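When a ligand or atom number is given, it counts from 1 through the structure's own listing order. Keep in mind it's a predicted model, so treat the numbers as computed, not measured.
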Amino acid sequence: MKTNMHIAIDGPAGSGKSTVAKRLAQRLDMTYIDTGAMYRAVTYKAIQKGIRPGDRQGIIDTAAGIRIELKGSEILLDGADVSGNIRDPLVDARVSEAASIPEVRERLVALQRQMAQKGAVVMDGRDIGTSVLPDATFKFFLTATPEERAKRRYKDLAGSNPGMDFDMVMKDMQRRDLLDSTRGHSPLRAAEDAIIIDTTGKSIETVLQEITDIVGGAGRCFTK
Ligand code: CDP
């Protein structure tokens, strides 16, 4: 793989971007970077430290002192694997607050750019095409109807959270989407040059193939 190939995949919760990005990276032999996991790790650590909602400075200090490493699909926080902990609904409830703080974003975006400098990456998030990697080789923005996105999240979460009901999942997702798309600093939106893919009613495999065809078709010179 051409070492400076960068693929940005943005979109709201439940649009399928993380699964598609991970599988695309495997298929193209590129490194997958889950930037949402980084915001989740900061939020998880703040909760662990007893930082209360609304304590901006507490969250900023947490982000400033944190060590985050991504190893495949594992996320290490100060050396410990927190891949499961960061998916907890408590983290879901507070992550958008942490992600709206400019100092937190600046710290994590700097880390994300460092990671991208090391080689070929597929990076997924909310602001990758607009802010983190504005010169990405390819930019995709995945969408789906709110109902379909909530169904996907419910399916993901229900196994490990038996008390969860569909309306709760839908409400939490809509609240997070609203916060993410209306915040002042790099809100969730498609870059002007992003290719928008509506994934409603499509399987992961179908979306993956659509993206692979675009990447392969546009850039045969990029493949090994
Ligand atoms: O998997 P899901 O789409 O539910 O969320 P995620 O990608 O793990 O991201 C969790 C949260 O982190 C989002 O709701 C955003 O508040 C924030 N985030 C962000 O602000 N910018 C990014 N590049 C990635 C995530």
Side-chain angles (χ1 to χ4, degrees), residues 6-22 32-47 53 59 62-63 66 68 70 73-75 77 82-113 115-116 121-134 136 139-144 146 148-157 160-161 164 168-191 194 199 204:
H6 291 160
I7 301 180
I9 304 191
D10 290 300
S15 57
K17 63 186 184 314
S18 304
T19 316
V20 166
K22 197 183 298 171
Y32 167 54
I33 299 174
D34 176 356
T35 64
M38 298 168 78
Y39 290 93
R40 287 174 178 275
V42 169
T43 309
Y44 174 69
K45 174 125 192 217
I47 295 171
I59 299 173
T62 304
I66 212 166
I68 296 177
L70 298 180
S73 53
E74 268 181 20
I75 173 140
L77 172 61
V82 293
S83 318
N85 313 57
I86 62 166
R87 307 284 159 200
D88 192 278
L90 261 180
V91 175
D92 278 351
R94 292 194 45 194
V95 63
S96 292
E97 182 202 352
S100 71
I101 302 174
E103 289 87 342
V104 172
R105 302 201 70 80
E106 277 150 26
R107 160 103 173 104
L108 295 188
V109 168
L111 282 175
Q112 290 155 14
R113 288 189 181 137
M115 291 173 178
V121 300
V122 179
M123 195 178 277
D124 88 312
R126 302 288 190 286
D127 60 337
I128 311 306
T130 53
S131 163
V132 182
L133 303 175
K139 298 179 185 179
F140 296 96
F141 191 88
L142 270 46
T143 61
E148 173 131 351
R149 295 191 292 109
K151 271 192 210 152
R152 291 175 185 165
R153 277 203 76 75
Y154 179 67
K155 213 170 140 223
D156 283 351
L157 288 170
S160 45
N161 302 278
M164 193 65 98
M168 271 164 65
V169 173
M170 179 75 140
K171 279 207 186 94
D172 176 69
M173 203 193 70
Q174 286 176 328
R175 185 190 56 82
R176 215 145 50 86
D177 283 352
L178 183 70
L179 287 172
D180 290 344
S181 51
T182 55
R183 68 179 174 226
H185 194 297
S186 44
L188 163 68
R189 64 177 174 80
T199 70
I204 292 291

Query raised in the report: Any side-chain heavy-atom pair from Ile128 and Phe140 closer than 4.5 angstrom?
Result: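 Answer no - side chains too far apart.
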
Identify the heavy atoms of [X] and [Y] that sit nearest to each other, and give their distance.
X: Ile68; Y: Met38; answer: CD1-O, 3.9 Å
X: Leu133; Y: Ala116; answer: CD2-CB, 3.8 Å
X: Ala8; Y: Ala136; answer: CB-CB, 4.1 Å
X: Ala46; Y: Thr62; answer: N-CG2, 3.7 Å

Query raised in the report: Within less than 4.0 angstrom of ligand 1, does Arg87 place any heavy atom?
Result: yes

Query raised in the report: For ligand 1, is there an atom lying under 4.0 Å from some heavy atom of Arg183?
Result: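 Contact present.
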
Query - Residues Arg153, Asp156: salt bridge by 4.0 Å N-O rule - result: no

Requested in this report: Answer yes or no: is there an ion pair linking Asp127 with Arg105, defined by an N-O contact shorter than 4.0 Å?
Outcome: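 Looking at Asp127 and Arg105, the cut-off is met.
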
For [atom], which protein heavy atom lies nearest, and how many Å away is it?
atom: atom 10 (C) of ligand 1; result: Arg176 NH1, 3.6 Å
atom: atom 24 (C) of ligand 1; result: Thr35 OG1, 3.3 Å
atom: atom 3 (O) of ligand 1; result: Lys17 NZ, 2.7 Å
atom: atom 21 (N) of ligand 1; result: Arg105 NH2, 3.0 Å
atom: atom 17 (C) of ligand 1; result: Ala99 CB, 3.7 Å
atom: atom 23 (N) of ligand 1; result: Asp127 OD1, 2.8 Å
atom: atom 9 (O) of ligand 1; result: Gly36 CA, 3.6 Å
atom: atom 16 (O) of ligand 1; result: Asp180 OD1, 2.6 Å

Query - side chain to side chain contact (heavy atoms under 4.5 Å, CB included) partners for Asp177, two or more places apart - result: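 Checked Asp177 against side chain to side chain contact (heavy atoms under 4.5 Å, CB included); matches are Pro12, Ala13, Arg149, Met173.
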
Query raised in the report: So, the side chain of Lys17 versus the backbone of Asp124: is there a donor-acceptor pair under 3.5 Å, distance only?
Result: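 No: the side chain of Lys17 does not pair with the backbone of Asp124.
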
Query raised in the report: Heavy-atom contacts under 4.0 Å between Arg40 and ligand 1: side chain, backbone, both, or neither?
Result: side chain

Report task. Out of Arg126, Glu97, Gln112, indicate the one that has the non-hydrogen atom closest to atom 22 (C) of ligand 1. Result -> Arg126

Report task. May I ask you to check whether Ser18 has an N/O atom sitting below 3.5 Å from an N/O atom of ligand 1? Result -> no

Give the atom numbers and elements of ligand 1 that come within less than 4.0 Å of a heavy atom of [X].
X: Val95; value: 11 (C), 12 (O)
X: Arg153; value: 1 (O), 2 (P), 4 (O)
X: Ser96; value: 14 (O), 16 (O)

Report task. For the pair Arg152 and Thr199, evaluate side chain to side chain donor-acceptor pair (under 3.5 Å) and give the outcome as yes or no after the intermediate values. Result -> CA-CA 11 Å; Arg152 291 175 185 165; Thr199 70; 3.0 Å; yes

